[in-house]
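Shown next, in structure tokens, is the structure this report addresses.
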Number of protein chains: 2
Amino acid sequence: MSRPPRERADAVAAVAEIFREFGFEGASLSAITARTGLGKGSLYHFFPGGKEEMAAAVLAEIDGWFTRTVFAPLRDDPDPEAAIARMLRETDAYFRSGRRICLVGAFALDGTRDRFAARIGGYFTAWRRALADAVARSGRGEAMERAEHAVLAIQGALVLARSLDDPGVFARMLARIERDLLSPETHDRPN
Amino acid sequence: MSRPPRERADAVAAVAEIFREFGFEGASLSAITARTGLGKGSLYHFFPGGKEEMAAAVLAEIDGWFTRTVFAPLRDDPDPEAAIARMLRETDAYFRSGRRICLVGAFALDGTRDRFAARIGGYFTAWRRALADAVARSGRGEAMERAEHAVLAIQGALVLARSLDDPGVFARMLARIERDLLSPETHDRPN
DNA sequence: CTCTGTCTGTACCGATTGGTACAAAGCCCG
DNA sequence: CGGGCTTTGTACCAATCGGTACAGACAGAG
């Protein structure tokens with residue numbers, strides 16, 4: 001056992017990794033107690049609502065982290081291009097270049113979505129909107145379309161990188177969306 | 001040996017939808033018996049290996065369908081642009097414009113991946129390669145990069161469409177990758 | 001018809017599930 | 001020290017898990 005967490009925040013972080021590995025249904029209480037080093041007593045003391053409350057806490061923590069370090073700069077930084085560069089950098093670090101999964105996206109794909117629909121929807125709505133704002137503030141057109149595609153590409157790259165067991169997928173995707181986000185001309189070419 | 005049990009194919013299709021809805025761990029035997037109408041006896045007659053064999057059969061069926069109706073034309077159709085158009089059309093239909101999930105992608109995101117790593121990797125490898133082949137045959141550059149991004153964008157759009165409960169995400173993504181796949185120039189060279 | 005092998009419903013299995021009860025243990029403050 | 005809170009381990013629970021055993025229903029072939 002690695003380290004027995006003494007605080008709820010540590011427990012949240014540990015539980016998050018278990019959900020990442022096994023999914024919501026697959027994360028059994030016994031796996032959680034084993035990996036966190038916490039007994040059921042402590043676990044249900046921190047999270048009286050059981051697994052559901054654990055997952056809610058994890059999602060809230062993820063949402064908070066992204067809001068603080070990615071979404072807010074995207075909206076508020078006077079230099080929108082710097083904020084976009086920061087997003088790319090932080091995203092690469094957070095997802096370990098595609099070796100780590102997006103728990104929000106993973107939850108969205110199975111029945112777990114219905115339990116946390118609001119949080120999941122809110123997370124992606126915030127990301128898309130914040131990024132679109134930065135793109136628009138940088139004076140480029142098609143801000144919403146570009147932002148949506150960038151957010152979606154990140155999620156897809158996580159799926160594909162893990163499927164192919166190739167982090168290069170994630171790196172290539174980041175380079176591409178940076179280009180697409182910052183390219184001056186609009187993409188639409190009718191005919 | 002005797003006749004290929006036609007009922008089994010129906011069972012595979014029904015089981016696939018249950019996996020889509022609940023994930024591998026979340027799909028309980030009781031849910032499967034309830035939704036398929038098959039008792040445990042029939043189920044274990046068709047799939048002596050239990051859930052694992054059911055999932056393997058489902059993945060094989062999906063892989064076969066895509067190989068037949070998408071990958072093969074991409075590689076063999078003398079008109080590669082028509083094959084790409086067909087891929088886009090079939091993909092939209094298969095995933096119900098983003099209302100249906102890619103089971104292969106969903107399995108890739110949690111611990112289920114390890115059980116079926118070969119199948120999952122093979123599926124995406126085949127898709128990427130077939131699409132890259134069509135792009136290259138159509139005389140365009142950066143075939144592998146464009147193909148990889150298109151495949152990844154489809155997966156990401158499924159995640160995002162479901163998260164936001166907005167099929168429009170999928171439609172917009174299809175339009176964008178069609179443009180990117182067929183645009184004559186590389187992106188950093190505006191004409 | 002009977003025979004034969006393919007199907008299928010049901011009862012049952014041990015193990016594990018998420019969750020509760022509760023008492024002992026630690027801890028802080030007086 | 002002692003009392004009162006928070007924290008924890010353990011025993012326990014009904015329900016469900018995936019899976020097995022098996023007897024009978026069912027067909028097709030003779």
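Numbered from 1 within each chain, the chains take letters A, B, ... in sequence-line order. All heavy atoms count here, side chains included; hydrogens, waters and symmetry mates do not.
Salt bridge annotation for Asp63(B)-Arg119(B): present, with a cationic side-chain nitrogen under 4.0 angstrom from a carboxylate oxygen. With respect to Glu17(B) and Arg100(B), a salt bridge is recorded, a charged nitrogen being found less than 4.0 Å from a carboxylate O. Salt bridge annotation for Asp166(A)-Arg172(A): present, with a cationic side-chain nitrogen under 4.0 angstrom from a carboxylate oxygen. Here Glu21(A) pairs with Arg35(A) in a salt bridge; the nearest charged N to carboxylate O distance falls below 4.0 Å.
To the nearest angstrom, C1' of dC7(C) lies 17 Å from OH of Tyr44(B). Rounded to whole Å, the distance from CG on Leu38(A) to P on dA25(C) is 20 Å. In this entry the distance linking CG of Leu43(A) with P of dT10(D) reads 15 Å, nearest Å. Phe46(A) places its CZ atom 19 Å from the P atom of dG18(C), with the value rounded to the nearest Å. Between the CZ atom of Phe24(B) and the C1' atom of dG18(D) there is a distance of 10 Å, given to the nearest Å. Summarising the geometry, the separation between CZ on Phe47(A) and P on dT20(C) is reported as 15 Å, rounded to the nearest angstrom.
For Ser42(A), taking side-chain heavy atoms from C-beta onward, the closest of the listed nucleotides dC17(D), dG9(D), dG18(C) is dG9(D).
In the model, Arg140(B) has a side-chain atom that pairs as donor or acceptor with a side-chain atom of Ser138(B) under 3.5 Å.
At most 12 non-hydrogen atoms from other residues, nucleotides or ligands lie less than 6.0 angstrom from CZ of Arg129(A).
A heavy-atom distance below 4.0 Å to DNA chain D is reached by these residues of residues 29-37 of chain B, ordered by number: Leu29(B), Ser30(B).
For His45(A) and dT8(D), the shortest distance from a side-chain N or O to OP1 or OP2 is not below 4.0 Å.
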